[in-house]
Number of protein chains: 8
Amino acid sequence: GFVKIDHHRKNRQGFPEIVYGEGKSAEQILTIVQSLRARNDSVLVTRISLEKAVIVQKNCPEFEYNEIARTLAWTEEKPKTNGYIAIVCAGTSDLSVAEEAAVTAETLGVNVRRIYDVGVAGLHRLLDNIEEIQNADVSVCVAGMEGALPSVLGGLITNPIIAVPTSVGYGANFNGLSALLSMLNSCASGVSVVNIDNGFGAAYNAVLIHRLAHKGEK
Amino acid sequence: GFVKIDHHRKNRQGFPEIVYGEGKSAEQILTIVQSLRARNDSVLVTRISLEKAVIVQKNCPEFEYNEIARTLAWTEEKPKTNGYIAIVCAGTSDLSVAEEAAVTAETLGVNVRRIYDVGVAGLHRLLDNIEEIQNADVSVCVAGMEGALPSVLGGLITNPIIAVPTSVGYGANFNGLSALLSMLNSCASGVSVVNIDNGFGAAYNAVLIHRLAHKGEK
Amino acid sequence: GFVKIDHHRKNRQGFPEIVYGEGKSAEQILTIVQSLRARNDSVLVTRISLEKAVIVQKNCPEFEYNEIARTLAWTEEKPKTNGYIAIVCAGTSDLSVAEEAAVTAETLGVNVRRIYDVGVAGLHRLLDNIEEIQNADVSVCVAGMEGALPSVLGGLITNPIIAVPTSVGYGANFNGLSALLSMLNSCASGVSVVNIDNGFGAAYNAVLIHRLAHKGEK
Amino acid sequence: GFVKIDHHRKNRQGFPEIVYGEGKSAEQILTIVQSLRARNDSVLVTRISLEKAVIVQKNCPEFEYNEIARTLAWTEEKPKTNGYIAIVCAGTSDLSVAEEAAVTAETLGVNVRRIYDVGVAGLHRLLDNIEEIQNADVSVCVAGMEGALPSVLGGLITNPIIAVPTSVGYGANFNGLSALLSMLNSCASGVSVVNIDNGFGAAYNAVLIHRLAHKGEK
Amino acid sequence: GFVKIDHHRKNRQGFPEIVYGEGKSAEQILTIVQSLRARNDSVLVTRISLEKAVIVQKNCPEFEYNEIARTLAWTEEKPKTNGYIAIVCAGTSDLSVAEEAAVTAETLGVNVRRIYDVGVAGLHRLLDNIEEIQNADVSVCVAGMEGALPSVLGGLITNPIIAVPTSVGYGANFNGLSALLSMLNSCASGVSVVNIDNGFGAAYNAVLIHRLAHKGEK
Amino acid sequence: GFVKIDHHRKNRQGFPEIVYGEGKSAEQILTIVQSLRARNDSVLVTRISLEKAVIVQKNCPEFEYNEIARTLAWTEEKPKTNGYIAIVCAGTSDLSVAEEAAVTAETLGVNVRRIYDVGVAGLHRLLDNIEEIQNADVSVCVAGMEGALPSVLGGLITNPIIAVPTSVGYGANFNGLSALLSMLNSCASGVSVVNIDNGFGAAYNAVLIHRLAHKGEK
Amino acid sequence: GFVKIDHHRKNRQGFPEIVYGEGKSAEQILTIVQSLRARNDSVLVTRISLEKAVIVQKNCPEFEYNEIARTLAWTEEKPKTNGYIAIVCAGTSDLSVAEEAAVTAETLGVNVRRIYDVGVAGLHRLLDNIEEIQNADVSVCVAGMEGALPSVLGGLITNPIIAVPTSVGYGANFNGLSALLSMLNSCASGVSVVNIDNGFGAAYNAVLIHRLAHKGEK
Amino acid sequence: GFVKIDHHRKNRQGFPEIVYGEGKSAEQILTIVQSLRARNDSVLVTRISLEKAVIVQKNCPEFEYNEIARTLAWTEEKPKTNGYIAIVCAGTSDLSVAEEAAVTAETLGVNVRRIYDVGVAGLHRLLDNIEEIQNADVSVCVAGMEGALPSVLGGLITNPIIAVPTSVGYGANFNGLSALLSMLNSCASGVSVVNIDNGFGAAYNAVLIHRLAHKGEK
Ligand SMILES: Nc1ncnc2c1ncn2[C@@H]1O[C@H](COP(=O)(O)O)[C@@H](O)[C@H]1O
Ligand SMILES: Nc1ncnc2c1ncn2[C@@H]1O[C@H](COP(=O)(O)O)[C@@H](O)[C@H]1O
Ligand SMILES: Nc1ncnc2c1ncn2[C@@H]1O[C@H](COP(=O)(O)O)[C@@H](O)[C@H]1O
Ligand SMILES: Nc1ncnc2c1ncn2[C@@H]1O[C@H](COP(=O)(O)O)[C@@H](O)[C@H]1O
Ligand SMILES: [Mg+2]
Ligand SMILES: [Mg+2]
Ligand SMILES: [Mg+2]
Ligand SMILES: [Mg+2]
Ligand SMILES: [Mg+2]
Ligand SMILES: [Mg+2]
Ligand SMILES: [Mg+2]
Ligand SMILES: [Mg+2]
């Protein structure tokens with residue numbers, strides 16, 4: 001009764017509705033994913049705890065849980081192009097957001113390459129990997145603390161960057177505000193921003209851009 | 001002495017350096033644009049007042065000043081594709097930001113379509129124009145006050161949206177904070193955000209995406 | 001000793017004092033509700049946990065606990081009119097606030113209709129239900145994240161809307177600030193706002209308006 | 001070209017579109033009001049400076065300018081009921097917001113009573129006028145600084161209150177934030193809130209409620 | 001080693017150092033209070049949990065713990081005047097802050113009168129007790145949510161008021177910010193403010209004022 | 001019509017109403033002060049510009065304008081005690097707030113001593129004057145930037161301190177927020193706080209305390 | 001795979017990479033420290049809980065855990081100079097930040113002197129220790145609440161001060177914001193600031209300065 | 001009378017008092033600088049407008065005004081070492097802050113090298129100049145917008161960096177807040193921060209460090 005699943009979303013937008021797990025009970029999630037699964041759509045639940053995932057998996061054993069990303073997913077989608085999205089992150093503490101992005105892109109049928117722990121305080125690590133990032137259609141760039149990575153990257157590559165501030169840090173970080181403001185004020189062009197810790201949203205945007213970049217091929 | 005123009009940017013990124021006019025004197029701007037002009041690059045100065053523009057135009061009469069956008073531009077670039085960027089805005093007060101975006105895209109050689117004054121409080125105006133927006137490769141969506149337009153638009157179209165919050169409003173709008181937060185929290189997927197009033201940045205992103213969408217054609 | 005129950009409130013304002021359960025012990029709540037119950041008034045306790053409710057119910061088994069709304073209530077009040085309040089909410093995560101509103105209105109003797117999960121990112125869901133909302137005397141409109149629903153609704157109906165921002169979201173949502181600012185800056189007319197998560201307050205306002213709308217009938 | 005006037009709004013919502021004058025040129029305003037005037041609708045422009053008003057009045061001499069409210073209006077609407085809206089304000093510095101509310105209600109065809117300078121620091125002034133406020137269908141309650149007036153009033157009357165925080169004050173007032181937060185946190189029931197300085201919005205809400213309260217009469 | 005107790009404070013300021021218990025271990029607190037106790041000074045520890053208090057009491061059984069105030073105290077001080085401080089609070093949820101103030105004043109040797117649960121939404125409760133407040137040398141006025149009580153009280157009495165905002169509330173209360181800003185912006189004169197939830201500080205100020213008011217008597 | 005002067009305030013509170021000049025026209029101020037002057041009360045207008053003061057003085061040549069304090073005052077009140085208020089300020093930039101405090105106290109009939117430019121970065125300047133401050137009944141302590149002066153002073157004297165943060169500073173000072181927060185968090189006891197730049201309010205509080213300290217004498 | 005340890009940092013910057021323990025698992029930390037330990041570098045892990053430390057110590061029993069500082073360290077570095085860093089802190093509640101600074105400096109091979117609990121509300125405690133602070137090459141100055149200590153210290157000594165705001169406090173302290181803003185606005189010269197609670201960062205800066213001060217000696 | 005110049009500061013701290021010109025009249029500044037000049041100290045006035053400077057120069061023609069830095073200075077101090085401070089800035093809009101720093105250091109007798117317009121979006125510009133920065137004893141690093149420069153620089157050099165956020169930017173820059181938070185959260189070690197736009201303070205710190213680095217030489 002209380003849930004209205006948006007089943008025409010796949011027609012309207014090309015991808016089925018993704019489920020935001022936070023604040024939903026395992027039972028509610030199960031009802032929703034079964035309804036989606038019945039139509040053979042790919043299914044992705046984000047922000048779901050291990051406890052809830054285990055309950056859902058009892059009924060849907062084919063679903064895969066990713067502990068770092070906190071996602072539960074099922075897909076038969078295979079990447080249709082050789083193009084890829086680069087997922088770049090600054091530090092090991094940003095991993096869970098970066099992985100949420102990676103799982104999202106993969107579930108939606110796009111290849112990703114992970115370039116992790118390349119924050120600006122050790123610039124050589126970024127420069128060593130710049131070619132792989134440059135060759136991506138689009139990059140998702142994840143950073144907490146001062147969030148400087150997208151600005152530096154933006155000056156080095158030519159394709160669009162989706163920047164994701166993370167809540168990693170303390171004190172004057174104010175739960176990610178610091179990184180968010182940095183990214184919004186980036187002096188590099190070609191950088192747009194999504195919500196703090198929103199790995200899912202960044203990847204979804206990147207997938208849309210990737211689809212455009214390869215629309216001639218399909 | 002004090003300025004280091006980044007002349008390899010065109011090679012590195014595909015577009016020459018765009019000049020941010022705010023806080024620069026007419027003389028400084030003139031020096032910079034002449035240096036760029038000498039290489040026959042397109043030139044775009046944003047956030048430049050009429051007074052300064054007139055001084056620059058004395059030496060560079062071929063430059064065009066747009067009073068609403070507050071831009072000064074020169075280009076011989078012709079659009080190379082039939083694709084276009086949709087510039088959508090909510091109210092007449094958002095015009096100057098929307099026009100900054102439009103001029104930027106045009107100067108960088110991409111067609112734009114303007115769909116203005118289609119805010120969510122009179123939904124039929126948006127629905128009447130939805131097909132033209134849907135057919136764009138990418139949209140720039142400009143809104144002040146509560147900044148709800150990208151959320152509604154995001155549910156109706158399938159291509160990426162670059163959302164631009166504007167500082168239009170008063171009181172609890174806090175100079176655009178209200179629209180900025182709305183856009184960052186959009187429950188629609190496919191929306192990424194740039195800085196408050198940053199029409200330039202949104203268009204630059206859109207141009208990068210447009211280029212990807214047509215790379216097969218060139 | 002420490003509590004001064006406002007027993008003339010019913011005369012002065014037409015409704016007995018509603019008890020805010022947060023930060024009160026089960027014992028304090030019991031004392032208060034027994035004192036109210038002794039006068040045969042309707043009783044409503046908001047923000048009360050299951051644990052505390054169970055203790056109160058031991059002495060007052062006629063009280064009903066609503067787990068989603070976190071309310072404890074007793075009433076013999078029957079709706080005196082056919083008019084109703086529409087309780088509209090954007091997503092399933094806003095349910096607990098919407099239900100607090102619904103229970104409040106019902107306890108105060110007014111019919112409600114629930115129109116849930118009709119957020120702006122899937123506009124058709126709202127449009128499908130617009131007639132039922134339009135026919136209400138007044139609507140309570142609950143939304144978190146970017147809080148765009150009241151703006152869209154405000155452009156579609158003619159009766160007043162009481163908007164309730166919720167703390168649903170994360171990151172730049174800042175515990176409901178984002179939705180609150182959106183609603184305060186709504187470009188639609190006819191929208192007024194109550195505190196974040198204040199389902200009770202919204203319903204109370206709606207009940208006052210409903211009473212005015214039907215005062216001729218009584 | 002750039003303006004899309006929402007002419008069906010009168011049918012859809014019962015009142016024609018009200019024009020927000022801030023950031024529009026005198027010429028833009030003139031075009032809009034002439035278009036509205038041509039259909040014999042009432043016309044109301046808010047936030048319009050004397051300079052702009054004089055230019056519009058040259059073409060539309062029947063329009064009345066209110067210097068305190070900064071409104072320009074024309075109407076032939078006569079109040080159809082004896083009911084009225086009480087406009088209550090705390091201090092003489094809140095006058096311009098209170099008057100914006102008063103003019104809005106009058107232009108939309110509803111009687112108002114002005115109860116001004118009755119702030120809580122001199123309580124007797126409010127108590128002396130409480131009966132007149134109590135007899136209104138609905139009150140608009142305007143206050144700056146600590147914004148305590150709606151809380152006190154809310155405990156004394158039974159009809160709904162639309163609270164308007166003003167930006168009157170200095171220092172930790174933060175341009176009206178202090179009054180806004182007070183009103184949102186009011187411990188009195190029956191208070192809802194509009195944006196800082198939004199006299200127009202408050203009156204519009206009050207007019208909708210007044211219409212409901214008298215719908216039997218018409 | 002790590003603590004430097006300020007033993008001359010009693011000479012310099014007339015009262016011994018009060019111990020802030022938050023973030024100190026039971027052992028640290030015990031060491032400090034024994035050192036103070038050895039000089040026969042009154043001792044007051046604020047913000048101390050029941051668990052820690054019990055440990056301290058094992059060694060100092062003469063100490064009294066107040067669960068609502070979360071204070072641990074020992075004094076032989078007897079009030080030397082008939083004057084008193086009025087501790088006024090708005091709601092039952094403000095009790096713990098009000099009691100911290102009361103215990104502080106009493107430990108420092110001053111009489112208090114408690115006037116609780118007299119918030120502005122039920123004005124008659126305040127007016128019924130106004131004479132007792134008026135006759136105090138000075139009042140401590142505790143309120144959360146919109147924090148309007150000191151403004152109303154300030155217009156009714158002639159002696160100074162120390163206002164204490166509390167963190168009671170939710171949503172746009174922002175942990176007491178709302179009440180704090182209200183009190184700082186009070187349009188009543190004679191109101192000064194201490195930190196959110198700082199019952200101790202308010203009482204300490206009130207004791208200093210009380211001492212001045214009775215200095216002739218001693 | 002629009003102003004309700006609170007003429008019984010003198011009976012109720014012992015002092016006539018003080019006029020807040022900001023946002024009032026010279027004409028409005030004139031009307032108010034003449035009405036007060038007619039009863040032979042002392043008159044004080046704060047926050048009044050030289051231009052407005054000159055207009056008022058044309059009709060009331062006995063009024064004195066203080067350019068630094070921006071006050072206009074008339075009084076025949078003579079100090080009735082030898083006690084005094086110490087007005088202490090940190091830097092020369094805080095002078096206008098300190099002088100507003102001084103004029104207020106003097107107009108209300110209390111002696112003041114000015115101890116200016118004794119900020120904590122040159123501690124010897126404060127220590128050199130500590131005896132004069134210690135001997136005051138109460139101090140008003142004015143400081144901008146980091147607002148540390150009341151904390152240091154509070155550790156050195158035994159009488160109450162009314163702290164006034166000023167908006168002097170730049171950058172992370174955020175218009176006085178920095179000094180305000182410092183003063184609210186002072187680790188010294190005996191410090192209470194008024195609004196940013198509110199020299200008037202601090203002095204009014206100090207006058208109330210001074211009156212208590214000398215009530216035996218009268 | 002996910003971690004890229006910056007092993008040339010010691011060459012590039014003179015000190016090996018310090019490990020930020022927050023948000024890393026015991027296993028991740030163990031891997032990192034073993035890799036560092038293998039090169040015989042000093043190792044410092046900050047923000048590590050006792051539980052995690054114990055796990056690491058099982059494999060690396062030579063590591064020392066400091067419970068107050070929450071650091072795990074191993075070093076054979078001996079101080080090469082007689083110079084020292086003064087670690088000054090305001091209250092006992094600031095100890096954990098002060099100790100993080102002390103351990104950092106010691107692990108990096110520099111002597112420290114601890115001058116604790118010398119907050120400005122009891123000035124004599126600071127003045128009694130001023131010579132020892134003055135003789136340090138550089139001071140780390142730790143304070144919460146109003147953060148006034150660096151301003152007072154800055155006026156008394158001639159060497160640079162690294163100020164560390166702590167999150168100690170409550171209410172309008174806003175988790176250290178109050179102390180942070182104070183320190184940034186210090187009217188004393190020679191004070192620079194690091195993040196809230198960042199004892200490590202302050203000490204690292206101090207060590208760099210100490211190295212410069214003694215570079216001639218080595 | 002109102003000014004207490006701190007003439008022993010030179011003895012106590014090694015440098016005479018620097019005058020903060022903002023909010024002081026030309027006459028006040030003149031009095032202060034003549035008093036300092038009489039003792040043959042170097043004199044530096046910061047934040048002084050051209051208009052005021054011209055008035056002061058009439059009496060003190062030997063003073064030099066720097067229009068970009070907005071400083072007025074006189075010194076006979078000659079650099080006593082070959083060491084220098086690197087003043088690094090990100091963009092041409094940061095020039096005035098960078099120059100305030102440069103003039104301060106030079107007036108206090110230390111050499112500076114200016115490395116301007118080397119922001120992170122064009123990294124090669126920074127890398128081209130890194131050796132000159134590395135060879136400085138200490139760097140002042142000035143940046144607005146996202147303030148990423150100190151983080152990148154901090155990873156490349158070994159000496160301390162004093163970071164200065166500037167208020168250059170718009171929108172979500174919030175007058176320098178964005179750059180300030182970035183710098184406080186820098187993931188590079190060796191970075192400490194001063195107030196937004198505080199070029200003076202950064203240089204003063206750098207001068208103290210430079211003095212330590214060369215104390216053996218003198
Ligand atoms: N959920 C709620 N949110 C805000 N106010 C409430 C809520 N529930 C009850 N109240 C109000 O809180 C007041 C009672 O507060 P108290 O005296 O603390 O029980 C009543 O006047 C109610 O109108
Ligand atoms: N609840 C409280 N809030 C604020 N300050 C307090 C409180 N309790 C004690 N204090 C002050 O805290 C200081 C003691 O701090 P400490 O040295 O950390 O024990 C004393 O000077 C008291 O005046
Ligand atoms: N500078 C000031 N700051 C704050 N309040 C003031 C100031 N001057 C006067 N007031 C208060 O403002 C009230 C008068 O407000 P109004 O009715 O607008 O003149 C009086 O009650 C005064 O106590
Ligand atoms: N631009 C500046 N920013 C911050 N502080 C400054 C500046 N210029 C001078 N100062 C400091 O301000 C103090 C002088 O303040 P004042 O007494 O108001 O002239 C001196 O101690 C200087 O160290
Ligand atoms: Mg790393
Ligand atoms: Mg429009
Ligand atoms: Mg849904
Ligand atoms: Mg008044
Ligand atoms: Mg109550
Ligand atoms: Mg000075
Ligand atoms: Mg202590
Ligand atoms: Mg540049």
Side-chain angles (χ1 to χ4, degrees), chain E residues 6 8-15 17-18 20 83 104 108 134 136-138 140 154-165 176 180-196 198 200-218, chain F residues 6 8-15 17-18 20 83 104 108 134 136-138 140 154-165 176 180-196 198 200-218:
Chain E
D6 189 359
H8 14 144
R9 190 172 296 194
K10 194 168 178 183
N11 306 345
R12 219 169 64 237
Q13 311 214 299
F15 303 107
E17 186 168 357
I18 277 102
Y20 177 58
T104 299
L108 297 176
Q134 169 62 40
D137 294 306
V138 51
V140 167
L156 296 171
I157 66 170
T158 57
N159 281 332
I161 295 170
I162 315 291
V164 194
L180 172 64
L181 296 185
S182 277
M183 291 173 180
L184 287 167
N185 285 286
S186 178
C187 57
S189 307
V191 177
S192 67
V193 186
V194 296
N195 196 5
I196 297 165
N198 191 1
F200 155 72
Y204 194 98
N205 269 283
V207 167
L208 295 189
I209 294 171
H210 174 271
R211 188 171 59 184
L212 281 168
H214 294 273
K215 72 173 176 218
E217 300 167 23
K218 281 181 265 189
Chain F
D6 189 358
H8 15 144
R9 189 171 296 195
K10 193 166 178 183
N11 306 346
R12 222 168 62 236
Q13 310 215 298
F15 303 107
E17 187 169 357
I18 277 102
Y20 177 58
T104 299
L108 295 176
Q134 169 62 39
D137 294 307
V138 51
V140 167
L156 297 170
I157 67 170
T158 58
N159 281 333
I161 296 170
I162 315 290
V164 194
L180 172 64
L181 295 185
S182 276
M183 290 172 181
L184 287 167
N185 285 286
S186 178
C187 58
S189 306
V191 176
S192 67
V193 186
V194 297
N195 196 6
I196 297 165
N198 191 2
F200 156 73
Y204 193 99
N205 269 284
V207 166
L208 294 190
I209 294 171
H210 173 271
R211 188 172 59 183
L212 281 169
H214 294 271
K215 72 172 177 220
E217 302 168 21
K218 281 183 264 187

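First the proteins, then the strands, lettered A, B, ... as listed; each starts at 1.
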Side chain, backbone, both or neither: which part of F/Phe200 has a heavy atom under 4.5 Å from chain E? side chain

With a 4.5 angstrom heavy-atom cut-off, is it the side chain or the backbone of F/Val138 that approaches chain E, or both, or neither? neither

Listed by chain and number, what are the side-chain hydrogen bond (donor to acceptor under 3.5 Å, both in side chains) partners of E/Ser192, not counting sequence neighbours? F/Ser192

Quick check on the interface: out of E/Asn205, E/Ile162, E/Asn159, E/Val191, who has the most heavy-atom pairs with chain F under 4.5 Å? E/Asn205

Note, E/Leu184 side chain near F/Leu180 side chain (heavy atom, < 4.5 Å): yes

Of all residues at least two apart in sequence or in a different chain, which pass the side chain to side chain contact (heavy atoms under 4.5 Å, CB included) check with E/Ser182? D/Glu146, D/Ser182

Any salt bridge linking E/Lys215 with F/Asp137? Criterion: basic side-chain nitrogen under 4.0 Å from a carboxylate oxygen. yes

